[in-house]
Structure formats: C-alpha cells, structure tokens
Number of protein chains: 2
Amino acid sequence: MKLTSKGRYAVMALVDLARFDTINPVSLRDISLRQGISLDYLEQIFSKLKKNQIVKSTRGTQGGYVLSKKPNEIKLTNIFNAVDEKVKTVQCKKESKKGCNGKATKCVTHNLWDELETHINTFFEKKSLEDLLKNNSERVN
Amino acid sequence: MKLTSKGRYAVMALVDLARFDTINPVSLRDISLRQGISLDYLEQIFSKLKKNQIVKSTRGTQGGYVLSKKPNEIKLTNIFNAVDEKVKTVQCKKESKKGCNGKATKCVTHNLWDELETHINTFFEKKSLEDLLKNNSERVN
DNA sequence: TCTAAACTTGACCAATTTAGTCAGGTATGT
DNA sequence: ACATACCTGACTAAATTGGTCAAGTTTAGA
Ligand code: FES
Ligand code: FES
C-alpha cells in the first residue's frame with residue numbers, strides 16, 4: 001500500500017506554488033530546482049492539474065503557473081483525482097453485483113475494504129492546501 | 001494507492017479459516033476452492049503467516065491449518081505485517097535526518113504523509129478477525 | 001508397509017505499473 | 001529575433017506484482 005510519486009510530487013509542487021505565486025507566476029523550472037523534481041515530469045503533472053482547473057498558466061518569458069483557487073478551497077481529494085492517484089482497496093467493481101472471485105455474492109472482505117476506502121478518503125477530503133501551508137509556515141522565509 | 005492481492009488474500013483466507021477450523025484443521029486445498037485463490041500462492045502466504053505465529057499447521061493426511069490465537073486477538077495489523085503488506089506513504093527513511101530530496105530538512109509534505117500513515121494504521125489496529133466474522137455471520141451456514 | 005494427502009521450500013517468469021526521459025513543438029515578453 | 005517557458009506525445013528501463021512450477025518432506029490411514 002503505497003503512494004505513487006505522481007501524487008506526492010503534485011502536492012509538493014502545489015505547496016511550493018502556494019508559497020511563491022503571490023506576486024508573479026512561478027515557473028516549473030523554479031519548482032523543479034527548489035523541490036528536486038524533474039522538469040519533464042513536472043510538466044506532465046501540471047498538464048493534468050491544469051485540465052482540472054487547479055492551476056492557471058501564462059506562457060512566454062516571465063510566465064508560469066498560479067493557483068486558480070484559494071489554498072483553502074483546494075482539497076487533497078481534488079489534487080489526487082486530478083493526477084489519477086486513486087485509492088483503490090476493493091478488487092471488484094463496486095457497482096457490479098459480482099464479487100471479486102466471480103461469484104454472485106461479494107467476498108467476505110468486501111465490506112472491510114470499502115470501509116477502509118472511506119476512512120482514507122475522509123482524510124483527503126478534510127485536508128486542504130492551506131493546512132499544509134500552516135504546518136510549514138516556519139520555513140516560508 | 002492500492003492494496004496488493006497478497007494482503008487481500010491473507011485476510012480472506014484467515015476469515016475462511018476462522019469459520020471452519022473449529023473441529024479439524026483446514027487444508028489449503030479447501031480454502032483455495034472456496035475462495036478461488038491459487039493453491040500455490042496460498043502456500044506462500046501461509047508460510048509467512050506461520051512464521052509470524054498467526055496460524056499453526058499439522059502435516060500429513062487430514063492435516064491443515066488452525067488459527068494460533070483467538071479471532072479477537074488477531075488484528076489486521078498483525079496479518080499485514082506478516083505478509084509484508086506495509087503502509088508506506090513517506091518517501092524518505094523516517095529515522096534519517098535527510099529529506100526525500102536529499103536535503104537536510106524534511107520536505108514540505110513529510111508531516112502530511114506521516115499523519116496519513118498513522119490514520120490508516122489506526123484503522124488496521126482497531127479491526128480484528130472477529131469483527132469480520134460478525135460482519136459476515138449471515139453467511140456462515 | 002505403502003500411498004496419497006497435505007505441508008514446505010525455493011526458483012522462476014510474464015505482465016503490468018511506475019517513474020521517469022526525450023524530442024519535438026508553440027506562445028510571448030523584452 | 002530570441003530566450004524563456006509552456007505544451008504534447010511517444011518511448012523505455014527498472015521495479016513490482018501475481019502468480020506458476022518443480023522437487024521435495026511428513027504423516028494418517030488402508
Ligand atoms: S472485494 Fe468486492 S467482492 Fe471481493
Ligand atoms: S517524505 Fe519525508 S522528507 Fe519528503
């Protein structure tokens with residue numbers, strides 16, 4: 001049970017963005033240097049974040065990215081959905097009547113995993129970017 | 001963020017075991033048939049469960065496995081640890097002073113992932129095999 | 001005693017996923 | 001014009017997963 005680096009990087013980059021985008025757009029190059037993430041990889045990630053209206057971009061010299069909402073309006077759920085970092089605990093398709101073993105009833109552990117999924121998602125829905133900023137405010141300067 | 005099938009199968013198999021081991025040891029063959037899990041794969045899993053004293057085995061004809069503790073004493077944590085289904089959210093080594101980016105300070109998201117890990121582990125520590133049995137008691141017959 | 005059921009061990013492998021890289025663009029401020 | 005920075009898609013090496021396969025050992029029961 002692991003987090004992928006795509007999800008991890010997305011959050012790191014957005015925290016970085018939230019701290020530095022107050023005056024000018026922030027270039028991916030800067031984020032790449034500060035956070036130690038490959039520029040090419042960041043571009044993939046930001047392409048998805050943009051499609052999901054989490055960030056806005058301006059092109060050209062002095063261009064870069066800006067958050068498109070306030071930090072307290074951006075939940076971890078939103079970020080994770082954007083970059084396809086989904087929590088998947090059950091094996092079966094939830095809507096299907098069939099269980100993961102192909103039988104007509106759901107398997108003995110189905111309910112358990114479903115509870116777990118809810119448990120984890122609750123965490124992601126509560127946390128916003130703002131919470132992370134507070135948590136690291138001592139390092140802002 | 002996914003559960004591996006090793007962890008999933010381990011729990012399925014143990015629930016099965018808990019329901020049927022009251023009189024005789026249960027053979028992996030039976031579990032394999034009832035739960036639709038490959039016999040060879042089950043053997044790998046039970047080898048680990050045995051090393052971690054979650055089950056006991058008897059060899060020979062009519063042999064099989066039995067739980068080595070009461071269902072309410074077996075927590076999901078125990079099972080998951082046994083089969084190496086670890087929850088790993090942070091990228092860095094926790095004990096290390098270095099962050100995941102190689103820098104001297106922990107990265108901006110470190111605390112977040114750490115909280116998440118605790119959040120998930122809490123769930124696993126609360127749930128015991130017994131809880132699962134109750135949850136599915138209507139199917140016991 | 002013989003044999004089949006069932007546990008034990010370790011090597012091996014194909015398919016998938018992950019974590020990127022690479023090679024081209026296009027847009028725009030100075 | 002030209003450097004900077006966004007944009008897009010194809011590609012791939014390495015790791016992980018989810019098993020299979022082969023070759024045992026142990027023991028109950030006929
Ligand atoms: S996980 Fe849904 S039926 Fe097994
Ligand atoms: S996850 Fe620990 S420093 Fe980044």
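Chain identifiers are assigned alphabetically (A, B, ...) following the order of the sequence lines, protein sequences preceding nucleic acid strands; residue numbering begins at 1 within each chain. As a basis for the values below, the full set of heavy atoms in this structure was taken, side chains included, without hydrogen atoms, waters or symmetry mates.
Between the P atom of dA6(C) and the CG atom of D40(B) lies a distance of 15 Å, rounded to the nearest Å. Between L17(B) atom CG and dA6(C) atom C1' the separation is 14 Å, expressed in whole Å. Taking atom CZ of residue R8(B) and atom P of nucleotide dG19(D), one finds them 10 Å apart after rounding to whole Å. Rounding to whole angstrom units, NZ of residue K6(B) and P of dT20(D) are separated by 13 Å. Residue K51(B) contributes atom NZ, which lies 11 Å from atom C1' of dG10(C) at whole-angstrom precision. One atom, OH of Y41(B), and another, P of dG18(D), lie 5 Å apart when rounded to the nearest Å. Computed from coordinates, the M1(B) CE to dT17(C) C1' distance equals 16 Å when rounded to whole Å. The distance from atom NZ of K48(A) to atom P of dT8(D) is 13 Å, rounded to the nearest whole Å.
Between Q53(A) and S68(A), the side chains place no donor N or O within less than 3.5 Å of an acceptor N or O (distance only, hydrogens not considered).
The side chain of R59(A) has dC7(D) as its nearest neighbour among dC7(D), dG19(D), dC21(D). Comparing dG29(C), dA10(D), dA19(C) by their nearest atom to the side chain of Q44(A) picks out dA10(D). With dA28(D), dC22(C), dG20(C) as the candidates, the nucleotide lying closest to the side chain of T61(B) is dA28(D). If you check dC7(D), dT9(C), dA28(D) against the side chain of S47(B), the one that comes closest is dT9(C). Of the candidate nucleotides dG20(C), dT8(C), dT17(C), dT8(C) has the atom lying nearest to any side-chain atom of K50(B).
Put simply, Y9(A) has a side-chain N or O that comes within less than 4.0 Å of OP1 or OP2 on dG20(C). Checking the phosphate oxygens (OP1, OP2) of dA6(C), no side-chain nitrogen or oxygen of T58(B) falls inside 4.0 Å. Phosphate contact (OP1/OP2 of dC7(D), side-chain N/O of S57(A), threshold under 4.0 Å): present. The side chain of T4(A) contributes no N or O atom lying less than 4.0 Å from OP1 or OP2 of dT18(C).
Nucleic acid contact class of V26(B) (heavy atoms, under 4.0 Å, all strands): sugar-phosphate only. At the heavy-atom level, Y65(A) lies under 4.0 Å from the strands shown only through sugar-phosphate atoms.
Contacts between residues 80-91 of chain B and DNA chain C, counted as heavy-atom distances below 4.0 Å, involve no residue at all. Residues of residues 27-39 of chain B having a heavy atom closer than 4.0 Å to DNA chain D, listed by number: S38(B).
Between the OG1 atom in T4(A) and the NZ atom in K2(B) there is a gap of 10.0 Å [rounded to 0.5 Å].
Note on K48(B) versus D84(B): salt bridge recorded, some NZ/NE/NH1/NH2 to OD/OE distance being below 4.0 Å. The residues K94(A) and E117(A) are annotated as salt-bridged, a charged nitrogen and a carboxylate oxygen being separated by less than 4.0 angstrom.
A donor-acceptor contact under 3.5 Å is not formed by the side chain of E43(B) with the base of dC7(C).
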